[in-house]
Amino acid sequence: MKNPAEITVKKPIFNSPTNEIENSIQIEDEEVLEKRQRKQTIIGQISIGILFVLLWEILTRLGILDSYYWSKPSTILKTGWISLTEGNLFIDMLYTSGATILGFILGTIVGALLGLSFWWSPLYSRISEPYLIAFNAVPKLALAPVLVILLGIGFSSKVVLAFLMVVIVTAIAAYSGVKSIDPDLEKLLFSLGAKKIQVFTKVVVPSAMPWIVNSLKINISLALAGAIVGEFISSRYGVGRMILYAGQIMDTNLVWVGVVALSVLSTTMYFATIYLEKILTKGIKSK
Amino acid sequence: MKNPYKLEILHSTKIFKKNGKEFVALKDTTLQIPEGRFISIIGPSGCGKSTLFNIIAGLTKPTYGQVLLDGQDIMGKTGHVGYMLQKDLLLPWRTILENIVLGLEVKGGKRKDNIAKAMPLINKYGLKGFENHYPNELSGGMRQRAALLRTVLYDSEIILLDEPFGALDAQTRLMMQNWLLQIWADLKKTILFVTHDIDEAIYLSDDIYVLSPRPGRLKTKITVDLPRPRTAETMSSTSYVELKQLLLALLKDEDNPEDNRQRII
């Protein structure tokens, strides 16, 4: 913790009114400046959030916004707490995040392997490329009803939909990574007598890794959208099903609870993904 | 009878087919190189230098001809020579040490043994204290050192260097040339060195092979009889200047290489 120490050392110099010359000399300390900016950023972010929620609350209380449609933060909080403690909200959140994460992980792994495999044979990659593009163009969400018919209304149909949302995007990202590899690097490895598998593990995978990692943040949102749509179609659990149900019984408060719950899930998973990125790119420095 | 040559490239020809037209990259070229020599190969672009190196490294096979190492056929076989290009080609996600042991790793050595082999070289040849840095933290000259140590450590008796100092500034280049001569003298490797720079070729080499383009072929071989170790004075001696004039005249005969390159493509 050198932060407080630095500030206490700097402050007397800057603010000393007794010595005007000293006061006018300001040594730019990037670290201190950066810390100050970071502090200001966080304060700004938090106050805007609070202001937004307050405004929402006030406007709905005053009747400027119709609380039947817009609900209001205090009611959402209350309804959310009741659903959490007495209802199924917690299980629903587990269900949705479970399907999302499983689909995300499977989709990323399978997609990455698929994309990386195109390095192996130019012929195979050229034959497959149009199918990759075509499948990418298919709106996967439109397949949801078929998947539910095929796999039933259980957990697996949501996982598969989340998986489908992710897999091709990742494959394309990994394939782009493969295409961007410096051919001289491969040549070097081959000249050292490396076997194809060694070139793959020592050059291809690490080179493509940043591309795969870059697709992760998009993937987690895509997977969540897949899981929610799967629940919309037909499900016994999940936040998506809860929102649909609440909408049907005109319980807008509960809809808002669902939306907030999904936002919380999505944000949490987003930050978890950033953490995952850090682990995966450990040691892989950009050129 | 003992083979007097370490490396022999015999009557090698390489023909590519491009757009239905045959293109001779290298024509009937023969190089016979005794052990421990420092050989430079000089010539305008399109003279088949890269093709020659790829053939020696086993990355491509000559259409006709032979490649012998100690009298053994190594045509199309990789892993017999160390190869280094102008780009340092250090893997950015590996530290300098991990980069240097890459060749040994590919051969299948144990990590501990590889490091034990690499550390003395790192310490002796100017990378001491940098072994745990990543390539992007090092200057161009230092990266070339690392790339060359990777090549040297691979333990092949022949080292191919394809314009290794081409991207460096003049001062760094001179430093690197002396550094290379030091390694060459210490480790007694046979070096084949491609360069565009006549001064560099004379300063470093025992023999200079002059290639000429379209089709790429061997024009002549010049032996550099300047005494070693060579210094700044060497570069102002009469015999040095004469050699330089001779080489300039030989290379001047060629057409403008850039024009011709356009024509081929």
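A quick note: this is a predicted structure, and the numbers were derived from the prediction, not measured.
- Counting non-hydrogen atoms of other residues, nucleotides and ligands closer than 6.0 Å to OH of Tyr124(A) gives a total above 12.
- For Tyr154(B), the part lying under 4.5 angstrom from a heavy atom of chain A is the side chain only.
- Within the structure, every pair that satisfies the side-chain hydrogen bond (donor to acceptor under 3.5 Å, both in side chains) test and touches residues 96-110 of chain A, not counting sequence neighbours, is listed here: Thr96(A)-Glu231(A).
- Contacts with chain B (heavy atom to heavy atom, under 4.5 Å) involve these residues of residues 187-201 of chain A, listed by number: Lys187(A), Leu188(A), Leu189(A), Phe190(A), Ser191(A), Leu192(A), Gly193(A), Ala194(A), Gln198(A).
- The residue among Leu89(B), Asn54(B), Val81(B) with the most heavy atom pairs within less than 4.5 Å of chain A is Leu89(B).
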Could you check Lys87(B) against Asp182(A) for side chain to side chain contact (heavy atoms under 4.5 Å, CB included), going step by step and ending with a plain yes or no?
CA-CA 11 Å; Lys87(B) 285 188 273 183; Asp182(A) 185 347; 3.1 Å; yes
